[in-house]
Amino acid sequence: MLIKRPDDCPSSSITPRELFERRRDFIKTGAGLALAALLPTAQAAEKLAGRPSLYSSDETQTPYKHVTGYNNFYEFGTDKEDPAANAHRLQTQPWTLRIEGLVQKPKTFDIDQLRKLAPLEERIYRLRCVEGWSMVIPWVGYPLAALLRQVEPLGSAKYVEFISAVQAENMPGVRDRVLGWPYVEGLRLDEARHPLTLLALGLYGEVLPKQNGAPIRIVVPWKYGFKSGKSIVRIRFTDTEPLTSWVEANRREYGFYSNVNPQVDHPRWSQKRERRLGEFGKRDTQLFNGYSEVAPLYAGMDLKRSF
Ligand SMILES: Nc1nc2c(c(=O)[nH]1)N[C@H]1C(S)=C(S)[C@@H](COP(=O)(O)O)O[C@H]1N2
Ligand SMILES: [Mo]
């Protein structure tokens with residue numbers, strides 16, 4: 001059935017691609033022909049291509065509809081469908097990213113400057129969420145290290161903090177005190193500079209959909225998904241471990257490191273298995289989400305204590 005009542009199917013949850021596909025399906029049927037004329041012409045999402053990267057996984061990519069329809073973005077609500085329904089309200093133009101703290105040259109970048117800063121790559125990464133699902137997503141972006149070096153960090157800088165936008169009037173979720181706002185995440189500087197850590201500006205060959213963290217987000221593929229802050233406006237270099245939103249909310253359940261680790265269960269559930277969105281059954285979760293090249297970052301650390 002193609003026609004749904006508006007409240008079953010908020011227009012905001014329909015992606016340009018879905019609209020396009022619906023129009024096409026309509027046009028194929030005689031009955032659809034007349035109705036197709038009433039539908040808004042789908043505005044194609046702005047393309048953003050990247051050159052293929054050697055860091056890419058060759059696994060089956062998670063369908064676009066799951067990547068953009070089943071999200072965590074608490075600023076827009078706590079249900080997995082809320083971001084797709086509400087994130088259209090996020091105002092992404094103009095947008096600036098301020099980089100400051102323990103640096104020689106604090107700077108502010110706009111999106112055009114960020115897009116041109118380094119060659120865009122397409123990186124197909126696995127992402128494992130702490131709640132037990134996983135995805136394979138073709139991101140478009142470049143290593144965060146390319147951005148961080150622009151501001152010449154001081155020797156005293158040991159961590160970076162990522163601060164997401166707060167637009168109270170556009171974000172129904174920030175009325176809830178589930179988390180302290182703004183959403184804050186952080187990495188140790190060597191983690192932030194690791195070549196796998198990505199500054200993402202797009203996915204599936206398009207600019208980032210708003211529910212996925214437009215116009216810029218971090219992606220750290222060996223850590224649980226919540227370490228990847230969305231819609232960030234500020235990066236701050238610090239000498240102390242940042243107090244992240246999830247640690248602040250519940251430090252017994254969420255640690256600063258949050259490396260994917262099947263041997264360290266969440267206090268309320270096992271982390272040994274995961275479900276790939278769009279698939280049935282479960283697969284084994286791998287240490288560091290399978291990105292074993294990051295192991296040297298944690299040499300000598302007890303990963304059960306520093307979870
Ligand atoms: N600002 C912000 N960033 C966020 C979140 C959030 O609620 N707010 N949720 C995190 C969580 S829990 C996950 S699993 C990933 C989900 O990213 P995705 O929706 O693109 O799959 O975003 C992370 N980044
Ligand atoms: Mo998550």
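Since the structure is predicted, the reported quantities are computational estimates derived from the model, not experimental observations.
- For the pair Trp181 (side chain) and Asp176 (backbone), a donor-acceptor distance under 3.5 Å is present.
- Put simply, the side chain of Leu208 does not reach to within 4.5 Å of the side chain of Lys210, judged on heavy atoms.
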List, one per line, each side-chain donor-acceptor pair under 3.5 Å for residues 187-199, sequence neighbours excluded.
unit_1	atom_1	unit_2	atom_2	d
Arg188	NE	Asp190	OD1	2.8
Arg188	NH1	Tyr257	OH	3.4
Arg188	NH2	Asp190	OD1	3.4
Arg188	NH2	Asp190	OD2	2.9
Arg188	NH2	Leu297	O	2.7
Glu191	OE1	Arg188	N	2.9
Glu191	OE2	Lys223	NZ	2.7
Glu191	OE2	Tyr298	OH	2.5
His194	ND1	Leu196	N	3.0
Thr197	OG1	Glu191	O	2.8

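- The only option from Tyr74, Tyr183, Phe73, Tyr254 that meets the ring pair (Phe, Tyr, Trp, His ring centres under 6.0 Å) definition with Phe226 turns out to be Tyr254.
- Side chain of Ser245 to backbone of Val184: a donor-acceptor contact under 3.5 angstrom is found.
- Between the CG atom in Leu203 and the CD atom in Glu122 there is a gap of 9.5 Å [rounded to 0.5 Å].
- The ring-ring contact (aromatic ring centres under 6.0 Å, His included) search around Phe237 returns none, not counting sequence neighbours.
- When every heavy atom of Phe76 is checked against every heavy atom of Pro172, the shortest pair comes out as CD2-CD, 4.0 Å.
- For Lys304, there are no side chain to side chain donor-acceptor pair (under 3.5 Å) partners at least two apart in sequence or on another chain.
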N/O donor-acceptor pairs under 3.5 Å from side chains in residues 160-171, not counting sequence neighbours:
unit_1	atom_1	unit_2	atom_2	d
Glu161	OE1	Arg236	NE	2.8
Glu161	OE1	Arg236	NH2	3.1
Ser164	OG	Lys230	O	2.7
Gln167	OE1	Gln91	N	2.9
Gln167	OE1	Asn170	ND2	3.0
Gln167	NE2	Gln91	O	2.9
Asn170	ND2	Arg89	O	3.4

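- For Gln271 (side chain) and Val260 (main-chain N/O), no donor-acceptor pair under 3.5 Å exists by modelled atom type.
- With no hydrogens or angles considered, no side-chain donor-acceptor pair links Tyr55 and Glu293 at under 3.5 Å.
- Residue Arg126 holds its CZ atom at 5.0 Å from OG of Ser57, rounded to the nearest 0.5 Å.
- Between the side chain of Lys282 and the backbone N or O of Arg273 there is no donor-acceptor pair closer than 3.5 Å.
- Checking Thr285 against Glu274 by side-chain atom types alone, a donor-acceptor pair falls below 3.5 Å.
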Would you sort out whether Val247 and Glu241 count as a side chain to side chain contact (heavy atoms under 4.5 Å, CB included), showing the intermediate values?
CA-CA 11 Å; Val247 170; Glu241 189 180 282; over 6 Å; no
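- In this structure, the side chains of Tyr224 and Arg128 come closer than 4.5 Å at one or more pairs of heavy atoms.
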Under the side chain to side chain contact (heavy atoms under 4.5 Å, CB included) rule, what do Phe109 and Ile235 come out as? Steps first, then yes or no, please.
CA-CA 11 Å; Phe109 299 86; Ile235 296 179; over 6 Å; no
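- A donor-acceptor pair under 3.5 Å is absent between the side-chain atoms of Thr108 and the main chain of Leu97, judged by distance alone.
- Proximity of Arg217 to Ser228: side-chain heavy atoms (C-beta onward) are separated by under 4.5 Å at one or more points.
- The shortest distance between side-chain heavy atoms of Ser231 and Leu90 falls below 4.5 Å.
- For the atom pair Ile124 CD1 and Glu59 CD, the distance stands at 10.0 Å (nearest 0.5 Å).
- Here Leu147 contributes atom CG and Leu117 contributes atom CG; the two are 6.0 Å apart, rounded to the nearest 0.5 Å.
- At a threshold of 4.0 Å, the pair Arg115-Glu46 counts as salt-bridged, since one of the basic side-chain nitrogens sits closer than that to a carboxylate oxygen.
- With hydrophobic clusters built from ILVMFWY side chains whose heavy atoms lie under 4.5 angstrom apart, Val130 does not share a cluster with Val264.
- Side chain of Arg123 to backbone of Ser53: no donor-acceptor contact under 3.5 angstrom is found.
- In summary, the side chains of Asn71 and Lys80 do not present any donor paired with an acceptor at a separation below 3.5 Å, with no hydrogens or angles considered.
- No chain of hydrophobic side-chain contacts below 4.5 Å, direct or via other Ile, Leu, Val, Met, Phe, Trp or Tyr residues, connects Val136 to Trp133.
- When all heavy atoms are compared, the tightest approach of Pro242 to Gly186 is CG-CA, 4.3 Å.
- A donor-acceptor distance shorter than 3.5 angstrom exists from the side chain of Gln211 to the backbone of Thr68, with no hydrogens or angles considered.
- The number of heavy-atom neighbours closer than 6.0 Å to CZ of Arg251, taken from other residues, nucleotides and ligands shown, is 12 or below.
- A donor-acceptor pair is defined here as one N or O able to donate and one able to accept, closer than 3.5 Å; no such pair exists between the side chain of Asp239 and the backbone of Ser156.
- You'll find the side chain of Lys272 stays beyond 4.5 Å of the side chain of Asp284, heavy atoms only.
- Annotation for Phe280: hydrophobic cluster partners, listed by chain and number, are none (ILVMFWY side-chain heavy atoms under 4.5 Å, direct or chained).
- A distance-only check finds a donor-acceptor pair linking the side chain of Trp95 to the backbone of Ile232 [under 3.5 Å].
- Considering only residues two or more places apart in sequence or on other chains, Tyr291 meets the ring-ring contact (aromatic ring centres under 6.0 Å, His included) condition with Tyr125.
- Not one N or O on the side chain of Trp246 forms a donor-acceptor pair closer than 3.5 Å with the backbone of Lys227.
- In plain terms, the two heavy atoms of Ala146 and Gln150 that are nearest each other are O-NE2, 3.1 Å.
- The hydrophobic cluster containing Val220 does not contain Leu243, counting ILVMFWY residues as joined when their side-chain heavy atoms lie under 4.5 angstrom apart, directly or transitively.
- Rounded to the nearest 0.5 angstrom, Ile216 CD1 and Thr96 OG1 are separated by 8.5 Å.
- Separating the NE2 atom in His66 from the CZ atom in Arg276 is a distance of 12.5 Å, to the nearest 0.5 Å.
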